[in-house]
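One structure is given below, encoded as structure tokens.
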Amino acid sequence: LDFAKPVKLTAEDIDVGDFLEDAAKGLSPVLSERGVALRYEPSQVLTIHGDAQRLRQVLVNLVGNAADASKPGAEVTLRATPANDGQIAIEVEDRGRGIGADDLPRIFEPFFTTRPDGTGLGLAICHKVVRAHGGDIKVRSTLGQGSIFTVLLPGS
């Protein structure tokens, strides 16, 4: 149902460092239960204008996927850096199973999944929310080596 609805944003200025630190604190126990560590790399002062609740949903989906792709004892990294054209890049990196080249073009399509228990909506929702913020989401992945999902958002 969430995917079918238009994205309504309640935008405010968000300190990206504080936002990611809070997200890491909330997600670390969940990943720990799965045997995966979450590493947060503190960033310089970066600010975006967006809906913190909706962006938190994006992080929960991306970090959860990274943990699912990782073996027990692995680490998922969360970081933010300045990008081109005044954008802020938020990255979620894992060293998990990676995404096959044939699947990469389709991962943001609604209902596309490679997991037997997946709905195929998590990444589609991430894509929709990020686009509603005037941003973009990209992925670099190598099968057997892991993935880096990059959320690009306009800085404020």
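This structure is a prediction, so every number in the text was calculated from the model and none was measured.
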I need the [X] [atom1] to [Y] [atom2] distance, nearest 0.5 Å.
X: Arg39; Y: Leu78; atom1: CZ; atom2: CG; value: 10.5 Å
X: Ile90; Y: Leu59; atom1: CD1; atom2: CG; value: 6.0 Å
X: Ser147; Y: Leu104; atom1: OG; atom2: CG; value: 7.5 Å
X: Asp18; Y: Ser43; atom1: CG; atom2: OG; value: 9.0 Å
X: Leu123; Y: Phe149; atom1: CG; atom2: CZ; value: 5.0 Å
X: Thr77; Y: Glu91; atom1: OG1; atom2: CD; value: 9.5 Å

Please check if [X] and [Y] belong to a single hydrophobic cluster, counting links between Ile, Leu, Val, Met, Phe, Trp and Tyr side chain heavy atoms closer than 4.5 Å.
X: Ile107; Y: Phe111; answer: yes
X: Phe112; Y: Ile125; answer: yes
X: Ile148; Y: Val130; answer: no

Return the minimal non-hydrogen interatomic distance between [X] and [Y], and the atom names on each side.
X: His49; Y: His133; answer: O-CD2, 4.2 Å
X: Asp103; Y: Thr114; answer: OD2-CG2, 3.4 Å
X: Val63; Y: Leu38; answer: CG1-CD1, 4.2 Å

Compare all side-chain heavy atoms of [X] with those of [Y] and state whether any distance is below 4.5 angstrom.
X: Ile88; Y: Leu152; answer: no
X: Thr119; Y: Thr113; answer: no
X: Val92; Y: Val76; answer: yes
X: Arg79; Y: Glu93; answer: yes
X: Gln44; Y: Val16; answer: no
X: Ile48; Y: Leu55; answer: yes

Side-chain donor/acceptor of [X] to backbone N/O of [Y], under 3.5 Å:
X: Asn61; Y: Gly122; answer: yes
X: Asp94; Y: Gly96; answer: yes
X: Ser141; Y: Ile99; answer: yes

> Sequence neighbours excluded, which residues qualify as ring pair (Phe, Tyr, Trp, His ring centres under 6.0 Å) partners of His127?
Replying inline: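 Phe108.
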> Can you tell me if CG on Asp13 sees more than 12 non-hydrogen neighbours from other groups inside 6.0 Å?
Replying inline: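 Counting neighbours around CG of Asp13, more than 12 heavy atoms of other residues, nucleotides or ligands fall under 6.0 Å, so yes.
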Donor-acceptor pairs are to be reported for all side-chain atoms of residues 19-37 against protein atoms at under 3.5 Å, with residues two or more places apart or in another chain.
| unit_1 | atom_1 | unit_2 | atom_2 | d |
| --- | --- | --- | --- | --- |
| Ser28 | OG | Ala24 | O | 2.8 |
| Arg34 | NH1 | Gly64 | O | 3.1 |
| Arg34 | NH1 | Asp68 | OD1 | 2.8 |

> Just checking, is any N or O donor in the side chain of Arg54 or Gln57 under 3.5 Å from an acceptor N or O on the other one?
Replying inline: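 The answer is yes; a qualifying pair exists.
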>> Assess the residue pair Val129 and Asp51 against the criterion (side chain to side chain contact (heavy atoms under 4.5 Å, CB included)); give the C-alpha distance rounded to whole Å, side-chain angles, the decisive distance to 0.1 Å, and a yes or no.
In response: CA-CA 9 Å; Val129 168; Asp51 187 321; over 6 Å; no
>> I'd like to check the salt bridge (charged side-chain N to carboxylate O under 4.0 Å, His left out) partners of Arg97; sequence neighbours left out, ordered by chain and number.
In response: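 By the salt bridge (charged side-chain N to carboxylate O under 4.0 Å, His left out) rule, Arg97 matches no residue at all.
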